[in-house]
Amino acid sequence: MIRLVLPCWRTGLVALILCALHGLASCSASAGTKEDVLGELHATLSKTDILCADFVQQRLLKALSRPLVSRGELTFERATGVRWSVKEPFADTMLITETEIFSLGADGSRTPMALGGNAVFRAMAQAILSLLSGDMADLSGAFDISADRDAERWSLGLVPTTPMVLKAISRIGVTGRGYIETMDIIEASGDLTRLEFSGMTSTNCARGQVK
Amino acid sequence: MLGWLAFRVFSAPFVNTNLLSLLPAAELDPAITEVVGKVQKRFERQMVWLVGADDRDSARAAARRAYNRLVASGEFEELYLTHPEAQAQKLPDYFKDLRFSLLTEQAYKQLAQGQAGEFAQDILKRYFSAGSPLTSEIVDVDPLLLLPAYWGTLTANVAAQIESDDGMLTVRDAGKVYVLLTARLKETPFASSMQGRIAPVLEAIAAFVSHDYRGGLFIGAGVLPHAIAGTRRAIDEISTVGVWSVVGIVLLMIFVFRSTVPLVLSIVSISVGVAGGLATCLVLFGQVHLLTLVIGSSLLGISIDYSIHFFCRRFDFGEAWNSAQALRQVLPGISMGLLTSVIGFVGLWLAPFHGMREIAAFSIAGLCFAFGCVVAWYPMAARGMGTLRRDLLLRGLARYRTFWTGNLRRPALLVLLPLVVLGGFGSTRLVAEDNIRLLQAPDQSVIAAEKRTRDLIGRNLSSQFFLVEGVDAADVLRREESLTAQLRDLMHAGRLSGYQAISDFVPSPARQLEVRALLKPQIVGEDGALAKIAPLVGVTDEVRQRYADAFVSQDNQQTVPLTRWLDDAVSGPYRHLWVGGSSQGVMTIVGLKGIFDIAALKDLANRMPQVHFVDPAGQISALFAKYRHQAAWLTLGSYVVVTIILILRYGLFGSLAVLSVPVCAALFSLGCAGLLGEPINLFNVMALLLVLGVGIDYAIFFREMGSDHDSTFLAIALSSVTTMLAFGLLALSTTPAVHSFGLSILIGIIVAFLLAPMAGSRLDLGRRR
């Protein structure tokens with residue numbers, strides 16, 4: 001009887017150990033993933049105080065048979081905020097700061113945008129600002145964050161915590177390889193806004209753009 | 001005693017604490033005045049509160065508790081915490097009905113001037129613009145995006161900071177969350193009895209909000225907190241003035257007369273006087289104003305004069321005290337005194353100010369009653385008193401008096417001349433102030449809370465507004481539209497920040513038809529904007545067809561009437577703009593924000609028929625200035641009347657001697673105001689009337705008694721000290737009007753007292769200006 005038990009016991013122990021190790025690994029993997037990803041992002045982004053990129057924005061509304069596509073450039077300067085400059089099809093420039101979103105006139109004048117009911121746009125702007133500045137604390141205040149990564153890309157899922165915003169936005173999905181590359185804003189109504197960033201770099205950016 | 005009486009009186013419903021009700025009605029068309037009055041009454045009953053906390057749940061819980069407490073108080077006829085209609089995220093049906101009737105100014109101009117290309121271009125821009133609220137729902141209903149464009153232009157006038165959060169209107173600012181509570185009181189906030197009931201409730205709410213919730217804050221905007229603070233302050237001041245006057249007088253009487261009998265009798269006569277004054281006011285006006293009581297409580301300083309003169313006779317009577325004879329001796333003096341005081345107050349009565357009339361009625365009646373009490377009752381009551389010996393006090397006063405008798409040159413040079421010179425010089429430095437703030441004692445904490453609330457909810461409407469009249473709703477809306485077109489021009493020129501008008505939400509029928517006519521080719525036409533942009537942005541044929549069909553079917557129908565808006569929940573925050581029917585038709589209000597050029601607005605109202613510019617505060621300031629001038633003439637008039645009476649009795653030289661006392665006193669009082677940098681206002685001038693009355697009193701007493709009775713001087717000294725006490729304490733008030741009044745009287749009386757012996761002289765050697 002002892003001879004039978006021993007092999008079982010050993011297999012069991014090995015199995016147990018293997019399970020435990022696997023379990024631990026997957027626990028720490030999932031916990032580690034979110035912290036890792038956030039930490040990684042924070043590290044990447046906080047190294048620089050300027051970022052610029054080109055973007056393509058597609059708005060897919062259920063009521064329209066084709067997406068509304070606009071293109072432009074953005075510049076992020078840590079001291080001031082994000083300058084969001086749409087170039088096609090119509091020129092339109094905005095300035096996103098911690099506290100306020102401005103519309104920038106051709107002469108450089110800034111007017112605060114009245115966005116009383118437009119929760120979607122405000123949430124989007126805040127998310128962009130937080131993601132570009134690497135302020136993960138700010139982000140986790142406004143959203144419940146889930147994170148994942150595979151070999152090449154990391155991805156974040158942001159679900160708004162404020163009920164008011166939740167009524168407008170169901171989820172924001174962000175992916176990237178170092179810096180941010182795509183951002184999908186899924187609205188509660190089923191409409192979708194997709195942003196694609198290309199050529200995001202911290203070098204060769206024109207400074208003093210953001211005033 | 002007075003304090004107790006005061007407290008009893010204040011809890012009575014007939015005490016009116018509204019300072020504005022003291023003033024004469026504005027000089028407008030009576031129908032307009034009636035409407036403005038109604039509007040102000042409705043406005044003053046409204047309150048807005050913000051319950052704030054560091055997080056959303058705390059703010060909501062605190063707001064709910066505050067709401068329950070307010071409901072339990074039973075003082076409100078309307079109280080809103082949740083706004084179910086504001087919960088809907090969907091486009092209100094109301095705007096669906098109006099989607100073919102609302103066009104921005106810019107779009108209107110473009111279509112009217114045939115610039116359809118630009119019109120279409122703007123629509124495209126809106127599709128791609130980042131900030132506009134573009135959703136499937138809107139595109140479905142309004143593919144030309146006319147509504148978002150229209151809302152964009154309205155945001156200057158709409159409270160953009162307030163959001164609807166699960167039914168509660170919420171404001172987020174600097175990390176705090178505030179929940180909005182709106183309310184309307186059942187009665188006017190100026191009813192002191194209601195104030196007494198609601199003030200503890202508000203304090204309790206403020207206490208538990210700040211105590212039980214992290215970062216809890218309870219602030220509000222509206223007339224109620226100002227009214228409560230004002231009443232509290234007035235009560236404090238009346239108590240102070242009343243109590244100290246009484247204490248001072250009691251001590252003085254006891255010290256001088258060495259017995260309590262005069263004191264008791266004096267109190268009786270004063271009480272009779274005050275009761276008589278109060279009763280007269282109630283009979284005549286049905287109510288008594290707080291300010292009347294404040295000033296009236298100083299009246300006891302004058303009415304005690306009669307008692308004092310009577311009792312001072314005790315010093316001169318030698319062995320036999322005969323109260324009836326004493327009365328006979330003082331009677332001419334105190335009668336003349338009563339007469340001139342009453343003339344002084346009649347001057348106040350003539351002012352068309354309701355408040356002044358109340359004060360005049362109260363004072364005249366009070367003095368007459370006190371006088372009557374002395375004359376009728378004292379001889380009997382004071383029969384058994386002994387005489388008093390002349391003592392140090394009397395001898396000192398006698399010395400002072402000799403300074404004035406005989407050759408007048410020395411006193412003239414030493415006293416009169418400097419007084420007159422200073423007075424004259426100071427008067428030239430007088431600066432007038434007629435602001436309505438004269439009547440307000442500012443309570444900083446209330447003002448700060450109000451400012452904070454208004455900043456947070458973005459509702460910074462001025463107190464000035466336009467009143468627009470029309471035969472019916474269509475007419476009044478059309479008139480509003482011409483007005484607002486002009487207002488928009490002013491806004492572009494930077495002379496106005498914004499406005500609020502019903503026509504922004506419900507265009508007049510005429511305008512609706514115009515807009516429809518302009519839109520028709522764009523929506524239905526083959527070459528129209530809709531046809532052009534649909535393929536560019538991907539509007540489906542189905543949506544397009546549905547939109548065009550809806551337009552055609554609505555085009556055949558009536559325009560959207562005003563009642564549709566009034567009945568809909570959408571109109572909630574703006575319903576106050578609709579005044580409703582009057583004898584001439586209907587009226588609406590156009591609210592204003594950020595006025596930088598009042599003249600331009602007044603001019604606008606003058607140019608446009610049926611449009612009136614209402615400026616309550618400005619009107620009151622203008623009234624104050626006007627009445628200040630009138631009061632100055634009144635004062636002069638009173639002087640003339642009094643001079644005539646004096647001449648009749650004392651001859652020319654005598655009357656000059658008598659008159660110089662109050663004249664110099666008044667002059668010096670004015671001069672002091674100028675030298676001290678105190679601005680002169682209506683209430684200073686009113687005070688001068690009183691100085692005339694009192695100064696004449698002293699001069700006449702002197703003249704009547706001749707220069708032999710030192711006790712006369714004592715009596716005058718006493719009465720002036722009591723008057724100084726009574727009125728001088730008013731100078732401590734924080735309400736500028738009362739303060740000016742008290743200070744002018746104080747200075748005037750001091751000088752009148754010092755100069756009074758001069759009236760006794762038989763030669764006219766003094767210089768008079």
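Lettering follows sequence order; numbering is per chain, from 1.
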*Any side-chain heavy atom of B/F128 sitting closer than 4.5 Å to one from A/E88?*
no

_Shortest non-hydrogen contact from B/T540 toward A/A63_ = CG2-O, 3.8 Å

*Quick one: pull up OG in B/S129 and CG in A/L68 and give me the separation to the nearest 0.5 Å.*
11.5 Å

_Engaged part of B/L124 at the chain A interface, taking heavy atoms whose separation is under 4.5 Å_ = both

_Side-chain donor/acceptor of B/S136 to backbone N/O of A/K62, under 3.5 Å_ = yes

_For a 4.5 angstrom cut-off between non-hydrogen side-chain atoms, does A/R66 reach B/V537?_
no

*Quick one: OG on A/S189 to CD1 on B/I138, what's the gap to the nearest 0.5 Å?*
10.5 Å

_B/T135 vs A/D191 side-chain heavy atoms within contact, under 4.5 Å_ = yes

_Under 4.5 Å from a heavy atom of chain A, the part of B/Q121 involved_ = both

